[in-house]
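What follows is a set of notes on a single structure, which appears directly below.
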Amino acid sequence: MGGKENLKDFIVGSVPTVIYIPNFISDSEETNLLNNIYKAPISKWKSLKNRRLQNWGGVVHEKGLLPQDLPPWLTKITQKICEETELFPSAINHVLINEYLPDQGIMPHQDGPAYFPVVAIVSLGSPVVMNFTPHTRLRECASTITTNGEYSNPDEAIEVGANKWLDNQNPFSVLLMPRSLLIFKDNSYSDYLHGIADCNLHRVDEVVNVFESLKHHVQDHPLLETEGKETEITEQFKIIQRTSTRVSLTCRLVLKVHKNLFKF
Ligand SMILES: O=C(O)CCC(=O)C(=O)O
Ligand SMILES: [Fe+2]
């Protein structure tokens, strides 16, 4: 990967814009990140009902970020993301680290309004499938457009318009392999909820990036071996079993930063 001009080669699926970069970091970078994450004091972990997380970069409020410097082991990865994607107007200043056991996930949600609408997620450890589902607002629009569309030939146009809308709002899934980078922005950020199912079996037969995600991993995962016939992967392996912990780094930019605590 070298700069923006290659980024479009990594777009997956049909919804603008989901970008999946396999092997964005190396094995040793992955190990280093995990070592640093688990070196953090236990008090750095916040336990939620269905996962643990570490918050780095400061506290995000509705009105912006009360910043804290990211440690060098994190700026190394956030700078790499900024440089190689060229999608962030200034340095990434916030990183959320989520840890999931094999039967843990995250409810479908939309990221908060304080963030610049580009999300970069580095995956470590176990693979998982992330599901994108259209926001309710869109589903409501879909029924509105069938009754309120203004077209010269109402019957035909409504038909076409409705189908187009429905096609565009299909749910989709992305397989996130360890060491990959997922970016979502534009429609996939604003019109979809994203989540991870809280069960240890995830279906991969319908993911939008099955080829991109699995072709690099045949050697790593004997279970995925297909006697050298990579194209058969989708036919033979429709489910992944999560057997180990997944850790992810959700890297984002909060544009509004409060320099002074008392100016809040
Ligand atoms: O763990 C992930 O890949 C997703 C995390 C996420 O969506 C979030 O922190 O908002
Ligand atoms: Fe999120």
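When a ligand or atom number is given, it counts from 1 through the structure's own listing order.
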ask   = For ligand 1, does Leu182 get within less than 4.0 Å through its side chain, its backbone, both, or neither, judged by non-hydrogen atoms?
value =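 Contact part for Leu182 vs ligand 1: neither.
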
Subset of ligand 1 atoms that lie under 4.0 Å from at least one heavy atom of [X]:
X	answer
Tyr100	1 (O), 2 (C), 4 (C), 5 (C)
His109	6 (C), 7 (O), 8 (C), 10 (O)
His194	7 (O)
Ile121	3 (O), 4 (C)
Asn98	5 (C), 9 (O)
Leu96	9 (O)
Met130	2 (C), 3 (O), 4 (C)
Arg252	10 (O)

message = Going by the rule side chain to side chain donor-acceptor pair (under 3.5 Å), which residues pair with Ser26 if we only count those two or more places apart in sequence or in a different chain?
response =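 Scan of Ser26 (side chain to side chain donor-acceptor pair (under 3.5 Å), adjacent residues dropped) gives Ser28, Glu29.
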
key: Those residues that, when tested against His94, pass side chain to side chain donor-acceptor pair (under 3.5 Å) (two or more places apart)   =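 His94 satisfies side chain to side chain donor-acceptor pair (under 3.5 Å) with Asn55 only.
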
request  = Look up atom CG in Leu175 and atom CD in Glu212, then write down how far apart they are to the nearest 0.5 Å.
outcome  =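 Between atom CG of Leu175 and atom CD of Glu212 there are 10.5 Å.
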
key: Arg51 near ligand 1 by a heavy-atom separation under 4.0 Å   =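 Heavy atoms of Arg51 never come under 4.0 Å of ligand 1.
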
request  = Would you please indicate if the ring centroids of Tyr20 and Phe10 are separated by under 6.0 Å?
outcome  =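 Between Tyr20 and Phe10, the centre distance exceeds or equals 6.0 Å.
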
query = Are Tyr192 and Phe184 close enough that their ring centers fall under 6.0 Å?
reply =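 Aromatic pair excluded; centres sit 6.0 Å or further apart.
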
key: Single hit among Lys44, Arg51, Arg52 for salt bridge (Lys or Arg N to Asp or Glu O under 4.0 Å) with Glu99   =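 Going through the options one by one, the only one that passes is Arg52.
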
request  = Cation-pi check, Lys256 to Phe116: give yes when NZ or CZ is under 6.0 Å from the six-membered ring centre and within 45° of the ring axis, no otherwise.
outcome  =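 The answer is no, since Lys256 fails at least one limit relative to Phe116.
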
key: Side chain Arg179, main chain Leu124, donor-acceptor under 3.5 Å   =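 It does not hold such a pair.
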
query = Is the side chain of Asn200 donor-acceptor paired with the backbone N or O of Pro102 at a distance under 3.5 Å, no angle test?
reply =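 Not at all, since once roles are kept as given, no pair shorter than 3.5 Å links the two residues.
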
Near the Fe ion (ligand 2) (under 2.8 Å) - protein N, O or S atoms =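 Correct list: His109 NE2, Asp111 OD1, His194 NE2.
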
task = Any pair with a residue in residues 118-135 that passes salt bridge (charged side-chain N to carboxylate O under 4.0 Å, His left out), sequence neighbours left out, goes on the list, sorted by first then second residue, please.
result =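 Those involving residues 118-135 do not exist here.
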
key: Protein heavy atom at shortest distance from atom 3 (O) of ligand 1   =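 Here the closest protein heavy atom is Arg246 NH2, 2.9 Å.
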
message = Surrounding NZ of Lys76 (heavy atoms of other residues, nucleotides or ligands, distance under 6.0 Å), is the total greater than 12?
response =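 Atom NZ in Lys76 is not packed in, count stays at 12 or less.
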
